[in-house]
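Worth saying up front: this structure is predicted, and the values here are computed from it rather than measured.
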Amino acid sequence: MSLSKRAVAQSIPNPVFDVLCNLWHPSSNPNGYLSLGIAENTLMHGVLGSHIQSSVASLPESAFTYCDGYQRLGRALARFLTRHLQPVAPLTPAHLFVVNGCTTGIESLALCCADPGDYVLLGRPYYTAFLDDATLRTGARIAEVSYPDGEDPLGPDCVRRYEDRILAIQADGGKVGVLILCHPHNPLGRCYPREVLVDFMRLCEKYALHLISDEIYALSTFSNTLDTHPPPTPFQSILSIDPEGVIDPARVHVLWGMSKDFGANGLRMGVVVSQHNPALHAALQPTGLFGSISSLTEHAVTCILEDDAWVEAYVRENRRLLGERHAEVATWARTHGIEYAAGANAGFFIWLNLGAKYLAHHPEAQGGDVDHLTMDALLESKVFLAAGFRFGADEPGWFRIVYSHDKAFLELGLARILGALT
């Protein structure tokens, strides 16, 4: 039976699924893969599970119907995000569009903000899923922005590279419709400085672009006292910057979800925040039918976000644990002479040059494909990491280690990584 051309084009094997089908377990699958490559935070799962179990006990019968369009969840989200993102003007439920994860949010915004053939700007390195999220079913195209010669992708001059890319596309007769930021950044674990965010806003106004700020790690920030060059930049939501005289606020959209800050990837709940574009919300409604969340998720998330004391305690402890794990892996990297991207204070990953370490111990591999040689060595040692060449890294050999795991699990993973490199 023949498939559509679209189906054939998107049927590209992904090694991640092979790993997920063969994950390590100390007793049932000791020969499986240790995964430190998928951005999941397991540090607070016990605390989260207890709260959700208690909320299920109060599940209303309306949860078995189509419910009321997330009215109670909308109020809880608006209050919660207003408190933590500190927007210039308070959020209301009318500013929010709930979806089953930020993947759906990115796709929905790309469908509404870019025509087929339009370009979506994405700086390197990037969260690799953005590529398919923004293009696979929308017809839009990704335009990557590179930073040669070691330029800082989040530094004060980074916006200039985006403008160069816009001008090059326009010179070829193309059109740019959207610019996506990951803020805090995945995989670098850093936050964009306020002045850089303002420059992005001015750029998008100048070229009539929609600006999407994915702030899914907004609450996953921590104190980093190890790195001082560059010093970590505190997180500030783009919603907290007054757009007056900078950008038409109808162009500014933010994404947030439960998957990262609450370690709840499996709940599948994200939200598109757009305060000044009712036409966008109207356009999102039809596609929203394909991306709605379950009423069980709605109830569990609402109960969490309405519990202020629990949320504050959860966020505080989660930040402490993330800082502790980051310091452990950064110290491990320093001890073993592994270069890493300094200045991180957000997310739950660290960006390291494992390829250079591999070549130092395997001089015969000089001139070879260090990305795949290092990846093969890691997989042979049954440890899976996210490879930089899949994240658009400008230099070879970089990988992302996710450290938001049980301490013993993390230490076993680090030992396997070191063994694979040496």
Side-chain angles (χ1 to χ4, degrees), residues 13-46 48-49 125 127-129 186-189 217 220 259-260 263-266 318 321-341 344 347-362 370-391 393 397-422:
N14 189 332
V16 172
F17 297 115
D18 294 332
V19 171
L20 291 175
C21 291
N22 187 20
L23 289 174
W24 175 87
H25 187 275
S27 57
S28 63
N29 192 24
N31 295 319
Y33 290 99
L34 277 166
S35 176
L36 298 177
I38 298 174
E40 294 179 327
N41 181 358
T42 68
L43 296 173
M44 300 284 287
H45 275 179
L48 179 68
Y127 169 52
T128 187
N186 177 6
L188 297 180
Y217 294 99
S220 297
S259 60
K260 309 304 180 183
N265 299 59
N318 186 52
L321 290 172
L322 288 175
E324 183 181 272
R325 292 296 191 277
H326 175 272
E328 180 177 347
V329 180
T331 300
W332 170 85
R334 290 182 177 190
T335 299
H336 296 288
I338 298 173
E339 179 187 8
Y340 70 92
F348 23 88
F349 31 73
I350 190 166
W351 189 238
L352 307 96
N353 189 352
L354 301 185
K357 185 69 173 180
Y358 178 85
L359 290 177
H361 287 271
H362 300 84
V370 66
D371 285 323
H372 287 90
L373 287 170
T374 306
M375 190 65 177
D376 289 346
L378 291 167
L379 292 175
E380 186 175 344
S381 296
K382 287 301 179 74
V383 60
F384 171 72
L385 302 180
F389 64 85
R390 296 186 181 276
F391 281 64
W398 288 81
F399 288 77
R400 188 191 70 176
I401 294 178
V402 175
Y403 49 73
S404 47
H405 294 283
D406 172 79
K407 191 175 182 67
F409 182 91
L410 176 60
E411 290 176 351
L412 179 58
L414 294 178
R416 288 193 184 185
I417 292 170
L418 195 61
L421 299 179
T422 58

Could you tell me the separation between the CZ atom of F399 and the CH2 atom of W351, rounded to the nearest 0.5 Å? 9.0 Å
Ring of Y403, cation from R325 - is the NZ or CZ under 6.0 Å from the centre and inside 45° of the axis? no
How long is the span from the CG atom in L36 to the CZ atom in F348, to the nearest 0.5 Å? 13.0 Å
What closest approach, in Å, do G397 and V370 show between heavy atoms, and which atom pair accounts for it? N-CG1, 4.0 Å
Rounded to the nearest 0.5 Å, the OH atom of Y340 sits from the CZ atom of R334 at a distance of 3.5 Å
Closest non-hydrogen atoms of L48 and A264, given as atom of the first, atom of the second and distance, are CD2-CB, 3.9 Å
Taking side-chain contact (heavy atoms from CB on, under 4.5 Å) as the definition, give me every residue that meets it alongside A129, ordered by chain and number, with sequence neighbours left out. Y127, D133
So Y217 and L322, do their side chains get closer than 4.5 Å, heavy atoms only? no
Note, W332 side chain near E411 side chain (heavy atom, < 4.5 Å): no
Quick check: does any side chain N or O of R400 sit under 3.5 Å from a backbone N or O of G37, one acting as donor and the other as acceptor? yes
Show your reasoning for whether side-chain contact (heavy atoms from CB on, under 4.5 Å) applies to N22 and N29. CA-CA 8 Å; N22 187 20; N29 192 24; 2.9 Å; yes
For the atom pair NE2 (H405) and CG (L43), what is the distance rounded to the nearest 0.5 Å? 8.0 Å
Contacts of type side-chain contact (heavy atoms from CB on, under 4.5 Å), residue H362, not counting sequence neighbours: Y358, E364, A365
Suppose we screen for ring-ring contact (aromatic ring centres under 6.0 Å, His included). Which residues come up paired with Y33, at least two apart in sequence or across chains? none
So do L352 and L385 actually touch side chain to side chain, heavy atoms under 4.5 Å? no
Is there a side-chain contact between L354 and I338 (heavy atoms, below 4.5 Å)? yes
Partner residues of I38 under the side-chain contact (heavy atoms from CB on, under 4.5 Å) criterion, sequence neighbours left out: V16, L20, S35, E40, F384
Distance col, row D371:CG vs D376:CG, nearest 0.5 angstrom, shows 10.5 Å
For residues 412-422, which side-chain donor-acceptor pairs fall under 3.5 Å, sequence neighbours excluded?
residue	atom	partner	partner atom	Å
R416	NH1	K382	O	2.8
T422	OG1	L418	O	2.7

What's the separation between atom NZ in K407 and atom CD in E324, rounded to the nearest 0.5 Å? 5.5 Å
By side-chain contact (heavy atoms from CB on, under 4.5 Å) - contacts of A344 (at least two apart): H326
Test ring pair (Phe, Tyr, Trp, His ring centres under 6.0 Å) on F409 and W24 and set out the steps. CA-CA 10 Å; F409 182 91; W24 175 87; 5.7 Å; yes
If I compare all heavy atoms of P30 with all of S27, which pair ends up nearest, and what's the gap? CD-O, 3.6 Å
Between T374 and K357, is any pair of side-chain heavy atoms under 4.5 Å apart? no
